[in-house]
Amino acid sequence: MRTPIPAERLQKLQALREKGVDPYPRLFEGAEPIGGFRDRIVDGAMVPVRAAGRITAIRGHGKAAFLDLKDRSGKIQVYFKKDTLGDALYEVYQLLDLGDFIGVDGEVAKTRTGEPTVFAKSFTLLSKSLQPLPAKWHGLKDVQIRYRKRYLDLVSSDDVPKIFLRRADVIREIRAFLDGRGFIEVETPVLHSIAGGATARPFVTHHNALDMDLFMRIALELHLKRLLVGGLERVYEIGRVFRNEGIDATHNPEFTMLEAYQAFTDFTGMMELCETLFANLAKKYFGESRRVPYGELELDFTPPFPRRTYRDLLREHAKVDLEDHEGVKRVAREMKIDVAGLDHYAIANEIFEEAVEPTLLHPTFVTEHPVAICPLAKTKASDPTIAERFELFIAHKELANAFSELNDPIDQEERFRKQVASGSDEVPKEVDVDYVVALEHGLPPAGGIGIGIDRLVMLLTNSHNIREVVLFPLLRRQEGEGPIEVEGEE
RNA sequence: GGGGGCAUAGCUCAGUCGGCAGAGCAACUCACUUUUAAUGAGUAGGUCGCAGGUUCGAUUCCUGCUGCCCUCACCA
């Protein structure tokens, strides 16, 4: 629901205008980050500074006041004194509220209690806030408001901004890492005429001028591999993908994927890349031990990560061999897995997800998946039923997925045809002939990897819901929310 | 989609076994020119998520709806 503007704020706004104060002026240049002020203090001297930020507290003392001023870099106390500011400015001060932005000119020094303080000589109102901020101490707990009005969440919490600063840093590190290995960053279409590269229900949209239905991409894969055909050799994209599926603690309908493809290597090259990247990130944020705290857990990112085969893990945790068709059926029955319409390997994969994934705590590479569940992966030279693929599991979740890219156009077309024939609404309705034709022109042998950035950031920020690492997670539109209806001009 | 839970002041939360709606912070007024969760005194603030039903009376009980959380299913 929309909250009306409190009458007192409107009255203050009016009073400011009557005093000739512009509540929304245009410029305030030359302010320095508040976080650096503490270090500028010289004992016994007044050091001139200019600051700009939001008022987060006001402690009035008769004809003087202490304010807390906050910018992105930190917070500092500001001292207003009537004698120093003069009567006119002091009257403006009396019309300030928590939440207002002001610019301050003054001198920084310590008070007698040792608190770094800007002793203001003058100040400028930079933006009048008409809505109150959430309470100072308990902060904002209502997740509906936190996610819908993320700006309030960011203002009233010290921890939330840190999560998003780290998210930005993680992405910066990934770019630097890949750029350093000779990858080039590219952008490929979000709107696809065939939503391929993964198994998921797509969002559908429509282009009016072309009168054409389009799908929001569910993966970056097929366009990036076209670029390998074009000779770019090492490409990556960090981009949003969209999957029209359930929402929960680890799934948002739009999420950020990194996909990288490298010519003339295979999935083992991607494994080295992935391991180095993850270990580097853990070292950057958690030191040489590379132990990542996650809830009650401590995840050990020290390389090399264990390599386990799909088949071994299945044997170990489900007590059944991948190729024992009867045994797999029996175990599925025992685990009460609904096997209707599933083939042998799909059933086995259900068992894997149920019995094995919950055991995969520390970073673990799972390899040698059955090729039947990997439509875009090359098979192992020594065994055509096994895919050259790995998945990296951490804290029970799949963080990365990589394989040796299938580059045999005839095999690829055959696998696409089987997918389409399955009639599932999680695979395209038609074969992506355009992609197959690209392969016909020659895709060099290549390794490719996909990494879920949101989940990675969750691990590295000790966040347990994907919404904590997505600035504006998708929520249902609330009653009374949204644009104000305005009479249109005919 | 199934199951369970939550929705009370701007914020954080009490509360009413069905009988005039409460606190702290924020806001407003007054006092106070070095406080820092400033302090002291006072004031105001509510369609108790929405719509029905039961009842003399519903914020409370019942039904439906909306939104959110947890969980299962699908998925990364």
Side-chain angles (χ1 to χ4, degrees), chain A residues 1 3-9 11-12 56-68 75-85 90 94 97-99 109-117 119 129-149 152-153 155-156 197-201 218-219 241-259 336-338 350 353-354 357 391-394 396-401 424-426 450-456 458 464-467 473 475-481:
Chain A
M1 289 295 289
T3 315
I5 297 172
E8 308 89 46
R9 298 268 176 138
Q11 284 158 12
K12 286 178 180 174
T56 58
I58 299 175
R59 295 178 292 279
H61 288 264
K63 295 179 179 58
F66 292 95
L67 293 79
D68 288 342
K75 183 154 71 172
I76 194 144
Q77 172 169 275
V78 175
Y79 184 57
F80 279 3
K81 191 159 71 163
K82 191 175 183 182
D83 292 348
T84 314
L85 294 177
Y90 198 75
Q94 289 173 310
D97 285 295
L98 299 190
K110 286 187 179 172
T111 61
R112 70 175 181 206
T113 57
E115 179 74 16
T117 301
F119 293 86
S129 159
L130 299 181
Q131 293 281 7
L133 287 175
K136 222 184 317 183
W137 291 114
H138 357 279
L140 200 53
K141 287 192 180 158
D142 183 335
V143 294
Q144 295 205 44
I145 302 177
R146 288 192 49 226
Y147 298 152
R148 287 182 200 279
K149 300 188 176 177
L152 293 181
D153 193 30
V155 169
S156 49
T199 310
R201 263 180 286 271
I218 59 172
V241 299
F242 307 84
R243 299 190 182 176
N244 202 342
E245 282 160 356
I247 296 174
D248 65 27
T250 54
H251 297 85
N252 195 56
E254 50 180 298
F255 62 103
T256 301
M257 284 269 285
L258 160 69
E259 290 194 25
K336 303 197 191 315
I337 291 169
D338 180 13
E350 294 287 322
E353 287 173 8
E354 188 102 359
E357 287 185 9
E391 291 179 291
L392 175 64
F393 281 89
I394 307 175
H396 323 305
K397 290 290 175 188
E398 184 189 340
L399 262 289
N401 182 22
S424 160
D425 56 0
E426 293 192 349
I451 295 173
I453 297 295
D454 309 274
R455 288 185 176 182
L456 175 58
M458 283 171 69
H464 295 264
N465 193 307
I466 194 168
R467 289 169 164 179
L475 297 179
R476 266 194 191 82
R477 185 166 165 167
Q478 215 173 22
E479 207 180 335
E481 197 185 26

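Here is the naming used below: chain letters follow the sequence lines, and residue numbers restart at 1 for every chain.
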Quick one: A/L67 CG to B/rA37 P, roughly how many Å, whole number? 15 Å

Please report, rounded to the nearest Å, how far the P atom of B/rA9 is from the CG atom of A/L140. 14 Å

Nearest whole angstrom, please: distance from the C1' of B/rC11 to the NZ of A/K149. 12 Å

What does A/G246 touch in the nucleic acid at a heavy-atom separation under 4.0 angstrom: a base, only the sugar-phosphate, or nothing? base

Protein-nucleotide distance (A/H396, atom NE2; B/rU71, atom P), rounded to Å: 13 Å

At under 4.0 Å, does any side-chain N or O of A/N252 touch on OP1 or OP2 of B/rA76? no

Rounded distance (Å) that lies between atom P of B/rC70 and atom CD of A/Q144: 12 Å

Reckon A/K82 touches a base, only the sugar-phosphate, or nothing at all at heavy-atom distances under 4.0 Å? nothing

Judged by nearest nucleotide, the residue sitting upstream toward the 5' end of RNA chain B, A/Y147 or A/R9, is A/R9

Nearest to the A/R148 side chain among B/rG67, B/rU35, B/rC74, which nucleotide is it? B/rG67

Checking contacts here: which listed nucleotide (B/rU36, B/rC28, B/rC11) is nearest the side-chain heavy atoms of A/P134? B/rC11

Answer for the Watson-Crick or wobble partner of B/rU34, both distances under 3.5 Å, is none

Check every strand shown and say whether A/E398 touches a base, only sugar-phosphate, or nothing at a heavy-atom separation below 4.0 Å. sugar-phosphate

Does B/rA38 have its OP1 or OP2 closer than 4.0 Å to a side-chain nitrogen or oxygen of A/R59? yes

Quick one: label A/G450 by what it contacts on the DNA or RNA (base, sugar-phosphate, nothing), any heavy atom closer than 4.0 Å. nothing

Nearest to the A/D97 side chain among B/rU34, B/rA27, B/rA76, which nucleotide is it? B/rA27

Looking across every strand, which nucleic acid part, if any, lies under 4.0 Å from A/E350 by heavy atom: base, sugar-phosphate, or nothing? sugar-phosphate

Given B/rC74, B/rA38, B/rU34, which nucleotide is nearest the side-chain atoms of A/E426? B/rC74

Protein-nucleotide distance (A/D68, atom CG; B/rA26, atom P), rounded to Å: 13 Å

Pairing nucleotide - B/rA9, Watson-Crick or G-U, each distance under 3.5 Å: none

Which nucleotide sits closest to the side chain of A/K63: B/rC32, B/rA27, B/rU35? B/rC32

Using a 4.0 Å heavy-atom cut-off, does A/I145 contact any base of the nucleic acid, only the sugar-phosphate backbone, or nothing at all? sugar-phosphate

Complementary nucleotide of B/rG64, counting Watson-Crick and G-U pairs under 3.5 Å: B/rC50

With respect to the side chain of A/F255, which nucleotide from B/rC74, B/rU34, B/rA76 is positioned closest? B/rA76

Under 3.5 Å, is there a donor-acceptor pair between the side chain of A/R243 and the main chain of A/I218? yes

If B/rA58 has a Watson-Crick or G-U wobble mate with both distances under 3.5 Å, name it; if not, just say none. none

Among B/rA27, B/rU33, B/rC74, the one nearest A/R201 by side-chain distance: B/rC74

Pick base, sugar-phosphate or nothing for A/L152, based on heavy-atom distances below 4.0 Å to the nucleic acid. nothing

Considering only heavy atoms and no angle criterion, is a donor-acceptor pair shorter than 3.5 Å present between the side chain of A/Q77 and the base of B/rU35? yes

Are any side-chain N or O atoms of A/T113 and backbone N or O atoms of A/T111, one a donor and one an acceptor, separated by less than 3.5 Å? no

Please answer whether the main-chain N or O of A/T256 pairs with a side-chain N or O of A/D454 as donor and acceptor at a distance below 3.5 Å. yes

Hey, which of these two, A/N465 or A/D248, hits RNA chain B nearer its 5' end, going by closest nucleotide? A/N465

A/I466 CD1 to B/rC68 C1': how many Å, rounded? 18 Å

Quick one: look up who B/rU29 pairs with, Watson-Crick or G-U, both distances under 3.5 Å, and put none if it's unpaired. B/rA41

Look at all strands and tell whether A/F119 reaches a base, only sugar-phosphate, or nothing, counting heavy atoms closer than 4.0 Å. base

Kindly indicate whether the side chain of A/T117 and the base of B/rU34 share any N or O donor-acceptor pair separated by less than 3.5 Å? no

The nucleotide from B/rA76, B/rA73, B/rG10 with an atom nearest the side chain of A/R455 is B/rA76

A/Q77 side chain to A/T117 side chain, donor-acceptor N/O pair below 3.5 angstrom: yes

For A/E245 against A/R201, the heavy-atom pair lying closest together: OE2-N, 3.0 Å

For the pair made of CG in A/L133 and P in B/rC25, what is the distance, rounded to whole Å? 18 Å

Given that both distances must come in under 3.5 Å, which nucleotide forms a Watson-Crick or G-U wobble pair with B/rA21? none

What is the ring orientation for A/Y79 with A/F119, classed by angle as parallel under 30°, tilted 30 to 60°, or perpendicular over 60°? perpendicular

Determine the minimum heavy-atom distance between A/D68 and A/K75, stating which atoms define it. CB-CD, 4.1 Å

